[in-house]
Number of protein chains: 2
Amino acid sequence: MERFDRIKVPSAYEMVAEAIEAEIVSGRLRPGDEIGTEAALVRQFGVNRSTVREGIRVLEQGGLVRREASRKLFVCEPRAGGLSTRISRALVLQDVTFRELFDTAMVLEVGSVEGAVVHADADMLAALEDNQERLEAAVNNPVVVAELDSEFHALLARACGNRVLEMAREPAALLFFPSTEMICRRVPEGAGRMAQAHRFIIDAVRARDLQLSRTWMRRHLVDWRKGFVRAGREIDEPVERIFARYALSKSQS
Amino acid sequence: MERFDRIKVPSAYEMVAEAIEAEIVSGRLRPGDEIGTEAALVRQFGVNRSTVREGIRVLEQGGLVRREASRKLFVCEPRAGGLSTRISRALVLQDVTFRELFDTAMVLEVGSVEGAVVHADADMLAALEDNQERLEAAVNNPVVVAELDSEFHALLARACGNRVLEMAREPAALLFFPSTEMICRRVPEGAGRMAQAHRFIIDAVRARDLQLSRTWMRRHLVDWRKGFVRAGREIDEPVERIFARYALSKSQS
DNA sequence: AAAGGAGGCTTTGTCGGACAAAAGGCTATT
DNA sequence: AATAGCCTTTTGTCCGACAAAGCCTCCTTT
């Protein structure tokens with residue numbers, strides 16, 4: 001047990017990043033504001049442009065700042081910001097299993113539908129109905145079905161009006177739902193059952209029936225799991241790296 | 001509705017970052033491996049050192065690579081890696097409310113204790129007991145109580161053996177539990193009730209009693225919320241920025 | 001006079017080279 | 001053998017430069 005921590009001398013580029021970050025976190029710079037040109041930052045901070053640029057890379061990667069088409073620097077909406085993608089990637093590198101994804105989805109998606117039951121408004125219900133309509137029209141197209149299933153669950157989370165929950169479920173969802181495509185390919189009746197479950201979930205949300213919404217969400221997820229196994233996959237196998245790269249590249253666009 | 005997306009010409013530093021990232025994601029570079037010196041990368045990629053350095057900043061910030069005390073570059077264990085912190089920051093910038101945090105914690109912590117009931121082993125129970133012992137010894141010290149409460153919930157999540165869930169709960173936890181300190185300061189009996197709830201939760205986990213664990217976790221969280229309100233805070237107020245910065249700086253060490 | 005294009009200015013992305021400070025390794029001294 | 005001092009490597013920072021791409025302004029053309 002050491003008495004003192006290692007002393008970390010901050011480097012100039014870190015200080016540049018922190019100075020700008022502090023302005024954003026404090027609210028003095030708001031999303032949409034311009035940061036200024038590199039030359040301007042060089043003047044203000046009194047450091048070299050290379051140093052400023054390294055600082056900018058840090059902020060950009062942190063999702064605080066965006067550069068539109070290699071032009072001006074904006075403070076950006078801290079939303080999506082690729083952070084979920086990066087967490088997903090970290091999970092893949094840790095070789096998490098489908099069981100872990102499934103158990104987590106069970107917790108988060110059920111929580112999500114409960115929130116939707118309480119908070120969903122007419123617009124959200126309309127969006128869900130629209131999704132359902134497109135799903136029923138595309139039951140024979142695995143790619144579209146997978147996309148629409150993913151969208152369905154994202155809509156439910158959005159309907160909660162809970163941005164914390166919405167963000168918490170995203171990394172798992174990013175890894176979880178893409179395999180729906182694989183399942184639909186190998187289990188012919190999968191898409192139909194999914195459409196049916198979605199139907200019941202939407203109805204439960206509309207009727208504000210907590211118990212029913214839970215039941216059908218659980219059934220829906222258990223179905224997913226059964227399909228996964230019937231498609232010949234092992235629930236305890238790790239999410240594969242190749243697969244994850246596919247999910248990753250798709251979500252970054 | 002446009003037919004084509006904007007074409008994005010990748011810049012050299014992005015390609016450097018992607019090339020190294022690809023090696024890591026594919027598994028050809030494993031955590032702990034060295035990346036090589038900047039000069040070596042300059043040779044291999046045939047670009048300028050400034051360019052290489054910008055690429056390294058991107059990777060570093062992405063949590064794939066770490067530089068130990070301004071020395072060699074390692075591929076790092078992809079866990080936590082400050083990503084949770086950054087999500088927390090994004091949530092704060094979105095002015096999420098305590099209600100959102102609370103509702104999410106309700107979902108995730110209950111899910112977490114359920115997992116613990118199923119999967120906790122003797123070591124984890126010992127760790128929980130140890131935490132409990134320290135908590136009971138420190139009921140009069142709000143700072144320590146808050147830390148131990150946070151640790152308690154982190155231990156439960158760890159006990160699930162579900163890294164996805166563990167990571168999903170972290171951003172909310174980072175914002176949620178620090179206010180325990182404030183509550184304990186203003187609500188004298190708070191720490192005692194907390195210790196009691198923890199006691200029951202641990203016992204339920206040991207007894208593998210799902211129902212009881214749920215009940216006490218809910219009670220524990222509802223207590224937190226009551227304390228929050230009794231401490232004079234409004235459940236629908238946004239998590240403040242100053243507070244968040246405190247939580248943030250603490251977690252980065 | 002309005003639309004469109006040409007040129008000039010600004011800004012980014014990249015390059016080459018340079019140097020001080022820190023970290024690591026090696027040697028010589030005690 | 002332990003330690004102190006020196007040398008080498010590597011990082012962090014700086015300077016200056018230039019091509020390409022966006023942006024702006026002004027001029028030409030219809």
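Note on naming: letters A, B, ... go to the chains in the order of the sequence lines (proteins, then strands), and numbering restarts at 1 for each one. Computed from a predicted model, the values in this text were never measured in an experiment.
Looking at S88(B), its side chain does come within 3.5 Å of a backbone N or O of P171(B) through a donor-acceptor pair. Panel note: side chain D33(B), backbone R30(B); a donor-acceptor pair is recorded below 3.5 Å.
Closest to the R57(B) side chain, of the nucleotides dG12(D), dC14(D), dG13(C), is dG12(D). Which of dT14(C), dC15(D), dT12(C) sits closest to the side chain of T51(B) comes down to dT14(C). Which of dC14(D), dT11(D), dT14(C) sits closest to the side chain of V47(A) comes down to dC14(D).
Taking the salt bridge (Lys or Arg N to Asp or Glu O under 4.0 Å) definition, one finds that E133(B) meets it with nothing, sequence neighbours left out. Remark: R43(B) engages no residue in a side chain to side chain donor-acceptor pair (under 3.5 Å) (not counting sequence neighbours). Listed by chain and number, the residues in a ring-ring contact (aromatic ring centres under 6.0 Å, His included) with F228(B) are F98(B), W224(B) (sequence neighbours excluded).
One finds no side-chain N or O of N48(A) lying less than 4.0 angstrom from the OP1 or OP2 phosphate oxygen of dT13(D). Within the structure, a side-chain polar atom (N or O) of R53(B) is placed less than 4.0 Å from OP1 or OP2 of dG12(D).
Atom CD1 of I56(A) is separated from atom P of dT12(C) by 7 Å (rounded to the nearest Å). Residue R43(B) contributes atom CZ, which lies 17 Å from atom C1' of dG16(C) at whole-angstrom precision. Taking atom CZ of R67(B) as the reference point, atom C1' of dG12(D) lies 9 Å away to the nearest angstrom.
Counting only residues at least two apart or in different chains, ring pair (Phe, Tyr, Trp, His ring centres under 6.0 Å) contacts with residues 30-59 of chain A are absent.
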Sort me out a list of protein N/O and nucleotides 23-25 of chain D N/O pairs below 3.5 Å, or just none if empty.
none

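The existence of a salt bridge linking R57(A) and E54(A) is excluded, since no basic side-chain nitrogen approaches an acidic carboxylate oxygen closer than 4.0 Å. For the pair R134(A) and D130(A), the salt-bridge criterion is met [side-chain N within less than 4.0 Å of a carboxylate O].
In this structure, CD1 on I183(B) lies 12.5 Å from CZ on R185(B), to the nearest 0.5 angstrom.
Put simply, the side chain of R49(B) and the base of dT13(D) share a donor and an acceptor less than 3.5 Å apart.
For DNA chain D, none of the residues of residues 31-39 of chain A falls under the heavy-atom distance limit of 4.0 Å.
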